[in-house]
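The first residue of the sequence shown is numbered 1, and numbering continues consecutively from there.
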Amino acid sequence: MAEEVSELCVPVPWGEIRGKVWGPDHGRPVLCLHGWADNCGTFNTLIPLLPKECRYVAVDLAGHGRSSHRPPGAFYCAPAYVADVHRVADALGLKKFSIIGHSMGADIAGMFSALYPEMVDALVLLDAYGFLPTDSKEVSKVMRQGMDEMIQFEKKSEEKKRVYTYEKAVERLLTANPTLSKQSVCILLERGLVQVEGGFMFSRDLRVNFKNILRLSLEQSLEMQSRIQASVLVVLAEDGFDRIFSEPERFTSAILQSFQDRNHKVVTVPGDHHVHLNKPEVVAPFVSNFLRTKALSVSTKQHKL
């Protein structure tokens, strides 16, 4: 039987947040947040392998996929995305839910779970740490860089977006993301392209490329992490995050150690940064078992009370 999938559309003050929904109407809600420059298609191959009792709501984050771009002058940063997650939860009437986040989506999920701990029962971080500390000495430099990029962008007259043939768009995304398989690229392009006269344009807002102006030190990250009440599963890829991003190991190991000290689960799987999309069968057993024990079993007990 084919999996029933419907389109999600939530109005927000500047437009709409779009996405896809899998699973039964009254299933246990699981919000799914994609990584930087991706879209909710990143979960297309994983969700069909996860527990059928859940209702998976995968969103295109603002400026990505089919969701509206932020208004002129607005920055793309974690707190703004966290507010968007709250808007989606409110629109859907979700009081308590689980979150699966990949890469940047995992950092948004980590921050949301710290700021709204009462709303999240289980948190899955796919090839990410939930928080990405910046060296305190670098914070001002990075903040300024992000602001300068935005100000320079605003000074340009109308930014001309490039038009591609479909084949060239595939080639472009493969080059930019060598960890994606060709099949995965085609999945992401379903929501990542807009057809225009003469071909296709990438749908994402060019401003998502600018440096994130909100930065947390290690101390701030650990303090925020300590406020998470949800059970946490961290799934790291052997050839993933640490190979791509040159974050100091002392930061990532401190974050991981802190999760382990609180009895959260950390596993490593063979694969690269997009293993959840390229080879979902490697990731699905861990995520399924975690959702069954930490979200579904708790939910069932509560219904019986």
Donor-acceptor pairs are to be reported for all side-chain atoms of residues 112-120 against protein atoms at under 3.5 Å, with residues two or more places apart or in another chain.
residue	atom	partner	partner atom	Å
Ser113	OG	Ala109	O	2.8

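- A 4.5 Å side-chain heavy-atom check between Glu154 and Pro72 finds every atom pair outside the cut-off.
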| request: Please report the C-alpha distance between Arg28 and Glu53 in whole Å, then the side-chain angles of each, then the deciding distance to 0.1 Å, and finally whether the salt bridge (charged side-chain N to carboxylate O under 4.0 Å, His left out) criterion is met. | output: CA-CA 6 Å; Arg28 182 78 198 148; Glu53 310 94 294; over 6 Å; no
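- The structure places OG of Ser258 at 13.5 Å from OH of Tyr129, a figure rounded to the nearest 0.5 Å.
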| task | Decide yes or no on side-chain contact (heavy atoms from CB on, under 4.5 Å) for Leu49 and Ser288, but give the supporting numbers first. | result | CA-CA 8 Å; Leu49 305 181; Ser288 295; 5.8 Å; no
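- Taken together through direct or relayed side-chain contacts under 4.5 Å among Ile, Leu, Val, Met, Phe, Trp and Tyr, Trp14 and Tyr76 form part of one hydrophobic cluster.
- Between Tyr56 and Pro51 the shortest heavy-atom distance is OH-O, 2.8 Å.
- For residues 257-266, there are no salt bridge (charged side-chain N to carboxylate O under 4.0 Å, His left out) pairs, not counting sequence neighbours.
- Here the closest heavy-atom approach between residue Asn278 and residue Ser184 is recorded as OD1-OG, 2.5 Å.
- Residue Asp272 holds its CG atom at 8.0 Å from CG of Leu180, rounded to the nearest 0.5 Å.
- Under a hydrophobic clustering in which Ile, Leu, Val, Met, Phe, Trp and Tyr are joined whenever their side-chain heavy atoms come within less than 4.5 Å, directly or via other members, Val283 and Ile187 fall into different clusters.
- Remark: Ile255 CD1 to Leu218 CG distance equals 6.0 Å, nearest 0.5 Å.
- Counting only heavy atoms from C-beta outward, the side chains of Val57 and Pro29 never approach each other to under 4.5 Å.
- A pairwise comparison of heavy atoms in Ser217 and Pro133 identifies C-CB, 3.9 Å as the closest pair.
- Under the 3.5 Å distance criterion, the side-chain polar atoms of Ser67 are matched with a main-chain donor or acceptor of Asp60.
- Partners of Asn263 under the side chain to side chain donor-acceptor pair (under 3.5 Å) rule, at least two apart in sequence or in another chain, do not exist in this structure.
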| request: Take His276 and Thr42 through the test side chain to side chain donor-acceptor pair (under 3.5 Å) and record every step on the way to the result. | output: CA-CA 8 Å; His276 69 286; Thr42 196; 2.7 Å; yes
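- Considering CG of Asp38 and CG of Leu188, their distance stands at 5.0 Å, rounded to 0.5 Å.
- Not a single donor-acceptor pair under 3.5 Å links the side chain of Arg55 to the backbone N or O of His26.
- A donor-acceptor contact shorter than 3.5 Å is absent between the side chain of Asn177 and the backbone of Thr179.
- A donor-acceptor pair is defined here as one N or O able to donate and one able to accept, closer than 3.5 Å; such a pair exists between the side chain of Trp36 and the backbone of Val208.
- Side-chain contact between Gln225 and Leu222 is present, with heavy atoms from C-beta onward closer than 4.5 Å.
- Taking the side chain as every heavy atom from C-beta outward, Lys20 and Ile47 never approach each other to under 4.5 Å.
- Remark: the backbone N or O of Glu16 is paired with a side-chain donor or acceptor of Ser68 at under 3.5 angstrom.
- Ring geometry for Phe200 versus Tyr166: interplanar angle over 60°, hence perpendicular rather than tilted (30 to 60°).
- Scanning both residues, Ser98 and Asp121, for their nearest heavy atoms gives OG-OD1, 2.7 Å.
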| CA sep, side-chain torsions, deciding dist, call: Leu189, Val170, side-chain contact (heavy atoms from CB on, under 4.5 Å) | CA-CA 8 Å; Leu189 289 181; Val170 169; 3.6 Å; yes
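- The structure places OG1 of Thr268 at 9.0 Å from CZ of Phe286, a figure rounded to the nearest 0.5 Å.
- Scanning all heavy atoms of the two residues, the minimum distance from Phe290 to Ala122 falls at CE2-CB, 3.7 Å.
- Counting heavy atoms of neighbouring residues, nucleotides and ligands inside a 6.0 Å radius, atom CD of Glu281 exceeds 12 of them.
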| What's the verdict on side-chain contact (heavy atoms from CB on, under 4.5 Å) for Lys211 and Met150, showing C-alpha distance, side-chain angles and the deciding distance? | CA-CA 9 Å; Lys211 286 280 185 191; Met150 177 72 96; over 6 Å; no
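- Minimum interatomic distance between Pro280 and Leu46 (heavy atoms only, all atoms of both residues): CB-CA, 3.8 Å.
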| message | As a quick check of understanding, evaluate side chain to side chain donor-acceptor pair (under 3.5 Å) for His273 and Asp127, giving each step before the final call. | response | CA-CA 6 Å; His273 191 51; Asp127 206 36; 2.5 Å; yes
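- For the side-chain hydrogen bond (donor to acceptor under 3.5 Å, both in side chains) test with Asp135, the passing option among Lys141, Arg250, Arg215 is Arg250; the others fail.
- At a threshold of 4.5 Å between non-hydrogen side-chain atoms, the residues Asn212 and Leu132 do not count as touching.
- Figure legend: Arg207 and Phe210 shown without cation-pi pairing, the cationic atom not lying both under 6.0 angstrom from the six-membered ring centre and within 45 degrees of its axis.
- For His102, there are no side chain to side chain donor-acceptor pair (under 3.5 Å) partners, not counting sequence neighbours.
- Leu193 is not connected to Met201 by any chain of hydrophobic side-chain contacts under 4.5 Å among Ile, Leu, Val, Met, Phe, Trp and Tyr, and they are in different clusters.
- The backbone N or O of Ala62 sits less than 3.5 Å from a side-chain atom of His64, completing a donor-acceptor pair.
- Hydrophobic cluster membership is shared by Met224 and Val85, with clusters built from Ile, Leu, Val, Met, Phe, Trp and Tyr side chains linked at under 4.5 angstrom.
- Between the side chain of Lys161 and the backbone N or O of Phe202 there is at least one donor-acceptor pair closer than 3.5 Å.
- In Arg87, the CZ atom is crowded: over 12 heavy atoms of neighbouring residues, nucleotides or ligands sit closer than 6.0 Å.
- Residues Leu277 and Leu50 do not share a hydrophobic cluster, defined by chaining ILVMFWY side chains whose heavy atoms lie under 4.5 Å apart.
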| task | Please lay out, stage by stage, how Phe43 and Val30 fare under the test side-chain contact (heavy atoms from CB on, under 4.5 Å). | result | CA-CA 12 Å; Phe43 297 105; Val30 181; over 6 Å; no
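- A 4.5 Å side-chain heavy-atom check between Val59 and Cys40 finds every atom pair outside the cut-off.
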Atom pairs and distances, donor-acceptor, side-chain atoms in residues 229-241, under 3.5 Å, two or more places apart:
residue	atom	partner	partner atom	Å
Asp239	OD1	Arg243	NH1	3.0
Asp239	OD1	Arg243	NH2	3.3

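- With rounding to the nearest 0.5 Å, the separation of OH in Tyr81 from CD1 in Ile108 is 6.0 Å.
- Under the ring-ring contact (aromatic ring centres under 6.0 Å, His included) criterion, His69 pairs with no residue at all, not counting sequence neighbours.
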